[in-house]
Enquirer: 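My structure is below; once you've seen it, I'll send some questions.
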Amino acid sequence: MTTKSFNPPVRTLMGPGPSDVHPRVLAAMARPTIGHLDPAFVEMMDEVKAMLQYAFQTRNELTMPVSAPGSAGMETCFVNLVEPGDKVVVCVNGVFGGRMKENVVRVGGVPVIVENAWGDPVDPDRLEDTLGKHRDAKLVAFVHAETSTGVRSDAKTLVEIAHRHDCLAIVDAVTSLGGIPLKVDEWNIDAIYSGSQKCLSCTPGLSPVSFNERAIEKIRHRKSPVPSWFLDLTLVMGYWGGSSKRTYHHTAPVNALYGLHEALVMLQEEGLENAWNRHQHTHLALRAGIESLGLRFLVREESRLPHLNAITVPDGVDEAQIRQILLSDYDIEIGAGLGALAGRIFRIGLMGQTCRMKNVSLLVSALKETIERLRGTAGRTGAELASRRA
Ligand SMILES: *Cc1c(COP(=O)(O)O)cnc(C)c1O
């Protein structure tokens, strides 16, 4: 047997991530690999850091990409900031809030959950009440843009409440960075993590994080060592930190970082606010198209994410079949519902490079044709449908 080179199909990525990667980013990643301590590489890392500070709107010294996907950025926050016995109030309104709770448990923290319905934003009053009842809480954690439901929570207000109760705030910005307004310094966010493959439109596998002085103080005063060697910020800082000499921690994913560098250069060229506006007005075009098909959004208008649209599955069609036809016949990927919403919604992403008017038109017409086709053939089995298409 001779295995051939892998050539992926060309898709339009309109799911919950990864989003379409621009040829400039792919080209940057194909440049020659150099040593991760090479002065030329170190200079590029400094630029990545400065551009991440811009994207996060922060002057935090400790701003860098963790060498692993968004989930590792999440773990970086929890393993460093939560000590055994620490009470952490976790706001849960979807899948990713649930994972934050899981992280607290794994590091020996005591989670206190603020439950919100899937499809609703985190309720600030409920957070306030919970913190009033748990005065020994040390941290508050919530998801800014809940990708599982397409909901935006009011990060600024939630952080204010956390601080009023002497808690540090950990914010999941995996899907919000580069897509919707996010101001780390102005909103006083203490610890934040994101991902490379959503609105930054880089390849998956890197997780930008940022920590302010208060968060670093908490880490410095830990009584027990950080339980993860790889994600221990006190060690990683030796490689990414300040102006001091870089020391070896792990081999940086050199070419992946070329890609992130290029994606951030493109964000800078466009301008952060222009990128936020592009996501908003492209969403409005999608909304018009979705409504013209008679379809409905899961989330109330005021808390909808522009770039992650949860749409209720129309009667008489099978959600999995819609996704399968869009992929096989139109090369469009959209996302399924997760957890309790599986089969009840599908999720249309308009993140980063995917967020273009041409993709809105493509998706709306493909969706229209697909739904008509499925309704016209209601009652047929998947196999019959497949043979009809063949
Ligand atoms: C995608 C996502 C993650 C996880 O990121 P990975 O890169 O898949 O590990 C975490 N939180 C939110 C809100 C996400 O959308």
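We count residues from 1, following the sequence as given. Both ligands and their constituent atoms are indexed starting at 1 by order of listing.
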Enquirer: State whether a side-chain donor-acceptor pair under 3.5 Å links N212 with D190.
Expert: yes
Enquirer: Enumerate the atoms of ligand 1 whose separation from the nearest heavy atom of S71 is less than 4.0 angstrom.
Expert: 4 (C), 5 (O), 6 (P), 9 (O)
Enquirer: Would you say that more than 12 heavy atoms from the other residues, nucleotides or ligands in this model lie under 6.0 Å from the CZ of R222, or not?
Expert: yes
Enquirer: Under a heavy-atom criterion of less than 4.0 Å, does A72 contact ligand 1?
Expert: no
Enquirer: Identify the closest protein heavy atom to atom 14 (C) of ligand 1: which residue and atom is it, and at what distance?
Expert: K198 NZ, 3.1 Å
Enquirer: Would you check if there is a donor-acceptor pair between the side chains of H165 and E128 at a distance under 3.5 Å?
Expert: yes
Enquirer: Atoms of ligand 1 less than 4.0 Å from T175 heavy atoms?
Expert: 14 (C), 15 (O)
Enquirer: Report yes or no: is the cationic atom of R287 (NZ for Lys, CZ for Arg) under 6.0 Å from the centre of the six-membered ring of F297, at an angle within 45° of the ring normal?
Expert: no
Enquirer: Heavy-atom contacts with T147 under 4.0 Å: which atoms of ligand 1 show up? List them by number with element.
Expert: 12 (C), 13 (C), 14 (C), 15 (O)
Enquirer: State whether the number of non-hydrogen atoms from other residues, nucleotides or ligands found under 6.0 Å of E273 atom CD is greater than 12.
Expert: no
Enquirer: Below 4.0 angstrom from a heavy atom of A145, which ligand 1 atoms are there? Numbered from 1 as shown, please.
Expert: 13 (C)
Enquirer: Taking distance alone, with N or O pairs closer than 3.5 Å, would you say G70 contacts ligand 1?
Expert: yes
Enquirer: Any N or O of D172 that comes nearer than 3.5 Å to an N or O of ligand 1?
Expert: yes
Enquirer: Using a 4.0 Å cutoff against the non-hydrogen atoms of Q197, which atoms of ligand 1 qualify?
Expert: 6 (P), 7 (O), 8 (O)
Enquirer: Taking CZ in R59 as the centre, count heavy atoms belonging to other residues, nucleotides or ligands within less than 6.0 Å. Is the count above 12?
Expert: no
Enquirer: Below 4.0 Å from any atom of ligand 1, is there a heavy atom belonging to H144?
Expert: no
Enquirer: Around atom 3 (C) of ligand 1, find the nearest protein heavy atom and jot down its residue, atom name and distance.
Expert: F96 CE2, 3.4 Å
Enquirer: If we only consider heavy atoms of E146, is any one of them less than 4.0 Å away from an atom in ligand 1?
Expert: no
Enquirer: To the nearest 0.5 Å, what is the distance between CG on L338 and OG1 on T149?
Expert: 9.5 Å
Enquirer: Tell me yes or no: between the side chains of N188 and H163, is some donor less than 3.5 Å from an acceptor?
Expert: no
